[in-house]
Amino acid sequence: MKLAVRRLVVGVTGATGSLYAIRMLQALRDVADVETHLVVSAAGVLNIKHELDMSRAQVQSLADHVYSVRDVGATLASGAFATSGMVIVPCSMRTLAAVAHGLSDNLITRAADVTLKERRRLVMMVRETPYNLAHLRNMTAVTEMGGIVFPPLPAFYFKPASIEEMVDQTVSRVLELFDIHVPGPTWTGSA
């Protein structure tokens with residue numbers, strides 16, 4: 001029996017928190033019916049190198065399909081390319097602002113715009129604190145357009161023993177929004 005493939009677009013920008021993107025791509029490799037379409041900004045590549053000491057090639061090897069951030073003519077730039085949605089992980093405040101104001105100046109922001117116009121799920125894992133008024137207004141605008149603003153905040157109720165456990169819990173929660181189930185600690189109620 002042939003499985004129906006669900007395409008998930010993963011955009012990676014230059015905000016801190018690149019471990020979330022890597023753990024998400026790693027988790028998705030184990031989901032047979034999910035196909036990942038990766039776009040990494042130039043600042044995203046620099047941040048991954050700085051935070052994780054990984055090369056562009058190492059990151060790209062985790063995805064099923066890879067696109068240049070400058071290729072605004074790629075399939076991801078068209079609503080005719082059916083996807084389950086898009087996650088931007090981590091999402092810089094610059095990318096948030098571009099999406100909030102419809103500035104499709106690279107493939108990440110264009111794919112996000114397409115995701116919103118096609119009424120598909122867009123999750124933006126914004127990374128920056130504290131928030132200023134522009135950040136908050138941009139988050140409100142994206143939310144009003146149907147996007148989900150999901151700052152990757154760790155949950156401590158399951159008593160994580162490592163950074164990886166905290167990251168995996170957040171990754172699994174985000175993927176649940178796309179009805180993609182991966183292993184990760186979940187709340188089971190108080191005893």
Side-chain angles (χ1 to χ4, degrees), residues 7-31 34-71 74 76 83 85-100 105-112 115 121-131 135 138-139 142 147-156 160-178 180 182-185:
R7 297 171 176 151
L8 183 66
V9 180
V10 179
V12 181
T13 68
T16 189
S18 54
L19 182 58
Y20 289 102
I22 300 307
R23 296 297 291 161
M24 183 174 289
L25 289 166
Q26 290 169 338
L28 289 169
R29 291 193 64 77
D30 295 331
V31 183
V34 174
E35 182 180 274
T36 53
H37 293 260
L38 177 66
V39 187
V40 184
S41 71
V45 171
L46 290 174
N47 208 47
I48 289 167
K49 177 67 177 162
H50 179 74
E51 290 184 354
L52 303 173
D53 201 27
M54 289 180 72
S55 69
R56 180 189 306 259
Q58 288 173 305
V59 175
Q60 291 176 340
S61 72
L62 298 173
D64 296 307
H65 302 277
V66 178
Y67 306 83
S68 167
V69 72
R70 293 180 305 278
D71 186 6
L76 303 182
T83 70
M86 179 177 187
V87 59
I88 303 177
V89 51
C91 180
S92 67
M93 288 299 156
R94 183 245 175 256
T95 300
L96 171 70
V99 173
D105 59 345
N106 64 46
L107 188 55
I108 293 173
T109 55
R110 174 61 187 160
T115 300
R121 179 142 292 171
L122 173 65
V123 177
M124 303 179 80
M125 295 178 68
V126 296
R127 287 288 304 133
E128 184 67 52
T129 55
Y131 300 136
H135 300 154
N138 289 335
M139 288 183 217
V142 166
I148 297 173
V149 176
F150 195 118
L153 303 172
F156 297 103
S162 66
I163 291 172
E164 288 77 15
E165 281 186 10
M166 288 188 289
V167 169
D168 288 349
Q169 189 271 343
T170 299
V171 165
S172 67
R173 284 200 59 222
V174 168
L175 292 176
E176 287 289 333
L177 294 170
F178 295 94
I180 298 171
V182 298

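Counting begins at 1 with the first residue of the sequence.
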Please check if the number of heavy atoms outside R173 that lie under 6.0 Å from its CZ is greater than 12.
no
For the CD atom of E128 and the OG atom of S92, what is their distance to the nearest 0.5 Å?
9.0 Å
Heavy atoms from other residues, nucleotides or ligands near CG of L52 exceed 12 (cutoff 6.0 Å)
yes
Going by atom types alone, do Q26 and R29 pair a side-chain donor with an acceptor below 3.5 Å?
no
For the pair Y67 and H65, name the ring-plane relationship: parallel under 30°, tilted 30 to 60°, perpendicular over 60°.
tilted
Donor-acceptor under 3.5 Å (N47 side chain, A15 main chain):
yes
T16 and E51: side-chain donor and acceptor closer than 3.5 Å?
yes
Approximate separation, where rounding is to 0.5 Å, of S172 OG and M24 CE:
9.5 Å
Quick one: CG on D64 to CG on L38, what's the gap to the nearest 0.5 Å?
10.0 Å
Grab the two heavy atoms, one from S18 and one from I48, that are nearest each other, plus how far apart they are.
CB-CG1, 3.5 Å
Apply side-chain contact (heavy atoms from CB on, under 4.5 Å) to I88 and L122, showing your working.
CA-CA 8 Å; I88 303 177; L122 173 65; 4.3 Å; yes
Looking only at heavy atoms, the pair that brings R127 and P152 closest together is CD-CG, 3.3 Å
Give a yes or no on whether the backbone of A161 and the side-chain of E165 come within a donor-acceptor separation of less than 3.5 Å.
yes
Closest heavy-atom contact between G14 and S41?
N-OG, 3.7 Å
Considering all heavy atoms, the nearest L107-A74 contact:
CD2-CB, 3.8 Å
Worked check of side-chain contact (heavy atoms from CB on, under 4.5 Å) between Y20 and M125
CA-CA 9 Å; Y20 289 102; M125 295 178 68; 4.1 Å; yes
What closest approach, in Å, do L96 and C91 show between heavy atoms, and which atom pair accounts for it?
N-SG, 3.9 Å
Measure the CD1-CZ distance between I108 and R94 for me, rounded to the nearest 0.5 Å.
9.0 Å
Step-by-step side-chain contact (heavy atoms from CB on, under 4.5 Å) determination, T109 to T95:
CA-CA 7 Å; T109 55; T95 300; 4.2 Å; yes
Kindly say whether Y131 contributes a backbone atom to a donor-acceptor pair with the side chain of T129 at under 3.5 angstrom?
no
Is a donor on one side and an acceptor on the other found under 3.5 Å between the side chain of R121 and the backbone of L177?
yes
Under the 3.5 angstrom rule, does the side chain of N106 hit a backbone N or O of V69 as a donor-acceptor pair?
no
Report the distance from atom CG of L76 to atom OG1 of T115, rounding to the nearest 0.5 Å.
8.5 Å
About how many Å separate CG of D105 and CZ of R110, when rounded to the nearest 0.5 Å?
12.0 Å
